[in-house]
Amino acid sequence: MTSQVTEAELEGLLRKALHTTGTGARWAADSDEMWCRVTPGSGTRREQGWKLHVSATAASAPAVLGKALEVLLREESAFKFARSLDRVSALNSRATPRGSSGKFITVYPRSDAEAARLAHELHEATAGLAGPRILSDQPYVAHSLVHYRYGSFVGRRRLSDDGLLVWFIEDPDGNPVEDKRTGQYSPPSWAVCPFPTTVPVVPGASEGTDGAGGADGAKAPVLLGGRFAVREAIRHTNKGGVYRGADVRTGALVVIKEARPHVEADSSGCDVRDWLRAEARTLEKLKGTGLVPEPLALFEHGGHLFLAQEEVPGVTLRTWVAEHFRDVGAERYRADAVAQVARLVDLVAAAHARGCVLRDFTPGNVMVRPDGELRLIDLELAVLQDEAALPTRVGTPGFSAPERLADAPVSPTGDYYSLGATACFVLAGKVPNLLPEEPAVRTTEQRLAAWLTACTGPLRLPDGLAETVLGLMKDDPAERWGPARAREAVRRTYPLPPQNRSAARPPGNARRDASRSDGRPRDAVSGTVDRAVTGIVGHLIASMTPGDEGRLWPVSTMAGEADPCTVQQGAAGVLAVLTRCWELTGDDRLPELISTAGHWIAGRTDLRSPRPGLHFGGRGTAWALYDAGRAVDDPGLTDHALALALAPQQSTPHHDITHGSAGSGLAAVHLWHRTGDPRFAELVVDAADRLVAAARRDPSGVSWPVPAEAVSSEGGTRYLGFAHGSAGIGCFLLAAATVSRRPEHRDLAVEVGERLLGDAVLTGEAAQWPAQAGDLPTAPYWCHGAAGIGTFLVRLWQATGDDRFGELARRSTYAVTERASRAALGQCHGLAGNGDFLLDMADATGDPVHRAMAEDLARLIVSERAHRHAQVVFPNEYGDVSTSWSDGSAGILAFLLRIRHADPRHWMVRMPV
């Protein structure tokens, strides 16, 4: 069977085998996008146990499947296999999570004895065929394609303590235990292994060096190639690890890269080991030039290929961009960034002058030494002059030229595009994720230009730099600027002229009259926002699936999947925003949709024991349902919402807004304002009293440590931010005091403010905070940073009149606006949440500069939109399209509606001033 088997022919192997063996009547098969599932007509499938996985490459998959079917169709154990060669390739990709990689065939044995017998027969049937090691499993014997692990056979999930849905199994006493799929074999202690003596893990392979030479010094260093002692892992990916170590012969510090067999294998059998050999050749070619690390050795160890090279001191350019901006502030960074771009242009030009086309030039593949010099690293895709290139569509989205990702012929013009993207990243802190449009009316070049124009005000870029980025990143490779032209353009702006240095002030000071930073009239900005709002609503209407039992709107699950009904990642967050949109715009498409969505949620919420918290808990869902029911005059929804809000909650060790007592209490404040029901006032007081009792004080001030029983890995952590820490708790206590009239609630909120005054980090005009005291400042978002903390401080200033809190809130706006071009778009970690804080400041102070700042953020958001016919979508921080409140369209829509309608902020309550 050749490697050119199509998707139909892969499944055709099953049909042919069923016909040949005469077993077709005994089996049923069905397929989805990823899997073909094969189940016996008789027999009961277990819910958990020892299951088998068989690996394969895209080239070997037809043969592996054919051999496996000869074994499996004689039995009565259910199984599934990846239904196409593209799916097999995806399973073996270097980007596939280590806990999922390589699992071409999965078998669900009916008993432990059958698991052991099938493993033996499958191993014998597939011996000698190619396939990667499955890192989450134990190989049946050394070099076998057959692997095993103990886990779930059926899709059973439950909510974890942090509100995310996780797969679970049960221990012998029936207690749920998370079925973790990681890159290490770790069976439950109580599961008795039915297989032969386990195969020793080969020291030095990626599955054997996790934690080697860790900080605690408990593990002895792994010695690779008899020469290189591994001290620690820099990272682990599916293709192999990258390690720090030392050459035992010389004592020199080294970096060792690993390539696992069969990862990213193509139809010819080439895989990441060939890439690593190519990198070794490139390093040898450029040896002594000062452009790359000095190569030391290429060797095999335990069947894996390793490349040792000198360690380049310093940090990657990606890290330098984040840390240097944080440490020196916006004005100093602006000048240093231009100088860095000039060095990058020279670096690419020098590589090309030596006959090397890089093919993957990114901020992660450049090291910045302590002396400021740059070095190229991770040159596995680089191509030397007169050397055949390995065919590949692998690259780095956003940085690789479009034609590169289509495996176009090797050309320096692809590096020009990557140079432009990397320069953009250095200057602006990110490259926009421009999702495909349907139809593609606007070119990528036009959309990038629109984003850079939106960045111009907040960034205060010197003239010509945006033109340089656009010149390097032109859609047509033949029209892209080369390094010489780019060098000339950059050098016209570096060093930065004195007049530009003085103009590069924080954006708030530059626009006290609230005029547009780019000279565009307000009505043009408003028109763009209005069109975006219409397109977002169209997308939310079209993407709702009330017939889906599991999820009403599509959301990203890259950070984990939450309850489908909650605020943060579920339907309640979207419902709340659409309800507000109906109230503000009168869009006659929305009432029926609101009612449908509300009843979908109501039918899936547990009135017996809802979870606590606002964003992950039942009361946040009740808030959304109650407001929706009132908006569309649906007593069924309001009654269900009140029952949900008043139901006894699960006990919680959490204190915060998202998961804990503060969030439950804030929702109760809102419902008390809405209903006047004294039961909600009682719930408010109870939550506030719980927080008073849980408060802990030390010399630095008051805090609420994360209890060990809540999240054991974070036990004792004292977060400062709004979502998970003191700022959010303080905001609730302020609101609670207006209900309880008890001074201890307000006094405790003031204590929180005093603590935040002491923990503030002032850089230039900007106020920043660490996620927890003693750390370095974090990004200025709602979740942990300045936008969320400023949200509390401005309310504390209004409540107390203490100008220290107001001043710190004002300085928080600089942290938000200075980093605007670097941010994602959503509420939790992005521009929508930051913009809502700026609108809070505008409402509280009456200073139009804050609204002007918020409008700048709105323009940045809208410039990253993608049109899908009449709909508008946005990328989240993972590059997905999501509808959720926290990272998707709903949260963006909420902010844009406030820009146009001066509306109160979602999930906050008005407090008397």
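The basis for the numbers below is simple: all heavy atoms, side chains too, and nothing from hydrogens, waters or symmetry mates. Quick caveat: nothing in here was measured; it's all calculated off a predicted structure.
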**Q** Any Lys/Arg nitrogen of R149 or D179 sitting under 4.0 Å from an Asp/Glu carboxylate oxygen of the other?
**A**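 Result for this pair is yes, salt bridge flagged.
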
**Q** When you measure from the side chain of D173 to the backbone of N175, do you find a donor-acceptor pair of N or O atoms at a distance under 3.5 Å?
**A**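 The answer is no, because no donor-acceptor pair under 3.5 Å joins these two groups.
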
**Q** Quick check: F153 with W50 (ring centres under 6.0 Å apart)?
**A**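 Between W50 and F153, the centre distance exceeds or equals 6.0 Å.
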
**Q** Is T23 reaching over with its side chain to a backbone N or O of R26, donor-acceptor style, under 3.5 angstrom?
**A**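 No: the side chain of T23 does not pair with the backbone of R26.
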
**Q** Under a 4.0 Å threshold between the charged nitrogen and the carboxylate oxygen, would R46 count as salt-bridged to D112?
**A**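 Counted as a salt bridge, because a side-chain N and a carboxylate O are separated by less than 4.0 Å.
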
**Q** Going by ring pair (Phe, Tyr, Trp, His ring centres under 6.0 Å), name the pairs with one or both residues in residues 81-102, residues two or more places apart or in two chains.
**A**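 Applying ring pair (Phe, Tyr, Trp, His ring centres under 6.0 Å) to every pair that reaches into residues 81-102, excluding sequence neighbours, yields nothing.
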
**Q** For residues E33 and R83, report the shortest heavy-atom separation together with the two atoms involved.
**A**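 That closest heavy-atom pairing would be O-CD, 3.6 Å.
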
**Q** With distance as the sole test, does W600 use its side chain to make a donor-acceptor pair with the main-chain N or O of D548 at under 3.5 Å?
**A**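 Flag set: sc W600 to bb D548 pair under 3.5 Å.
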
**Q** Determine, using ring centers only, whether Y243 and H236 are less than 6.0 Å apart.
**A**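 When the ring centroids of H236 and Y243 are compared, they turn out to be within the sub-6.0 Å range.
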
**Q** If you look at every heavy atom in A119 and L52, which pair is closest and at what distance?
**A**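 Minimum heavy-atom separation between A119 and L52: N-CD1, 3.7 Å.
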
**Q** Hey, does the side chain of T126 reach the backbone of L145 with a donor-acceptor pair shorter than 3.5 angstrom?
**A**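 Not a single qualifying donor-acceptor pair exists.
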
**Q** May I ask you to check whether F79 and W27 place their ring centres under 6.0 Å from each other?
**A**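 Yes, the ring centres sit under 6.0 Å apart.
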
**Q** Determine whether a donor-acceptor pair (N or O, by modelled atom type, separation under 3.5 Å) exists between the side chain of R158 and the backbone of F168.
**A**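 It does not hold such a pair.
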
**Q** State which residue, out of S882, S556, S886, fulfils the side-chain hydrogen bond (donor to acceptor under 3.5 Å, both in side chains) condition with N876.
**A**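 Running side-chain hydrogen bond (donor to acceptor under 3.5 Å, both in side chains) over S882, S556, S886 with N876 returns exactly one hit, S556.
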
**Q** Write down the atom of V394, the atom of R404, and the distance for their closest heavy-atom approach.
**A**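 Residues V394 and R404, closest heavy atoms: O-NH2, 2.5 Å.
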
**Q** So H262 and R273, side chain to side chain contact (heavy atoms under 4.5 Å, CB included) or not? Walk me through it.
**A** CA-CA 8 Å; H262 309 303; R273 292 172 296 178; 4.2 Å; yes

**Q** Is a donor on one side and an acceptor on the other found under 3.5 Å between the side chain of S144 and the backbone of H123?
**A**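 No, because the side chain of S144 does not come within donor-acceptor range (under 3.5 Å) of the backbone of H123.
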
**Q** In terms of side-chain geometry, is the basic nitrogen of E380 or K239 positioned less than 4.0 Å from the acidic oxygen of its partner?
**A**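 Counted as a salt bridge, because a side-chain N and a carboxylate O are separated by less than 4.0 Å.
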
**Q** If you measure from the Lys or Arg side-chain nitrogens to the Asp or Glu carboxylate oxygens, is any gap between K257 and D378 under 4.0 Å?
**A**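 D378 and K257: salt-bridged.
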
**Q** Salt-bridged, D32 to R37, with N to O below 4.0 Å?
**A**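 Looking at R37 together with D32, the answer is yes, because their closest N to O distance falls below 4.0 Å.
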
**Q** Hey, mind stepping through Q48 and Y150 against side chain to side chain contact (heavy atoms under 4.5 Å, CB included) and telling me if it holds?
**A** CA-CA 8 Å; Q48 65 188 54; Y150 192 95; 3.2 Å; yes

**Q** Salt bridge or not for E549 and R604, using N-O below 4.0 Å?
**A**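 Answer for the salt bridge query: yes.
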
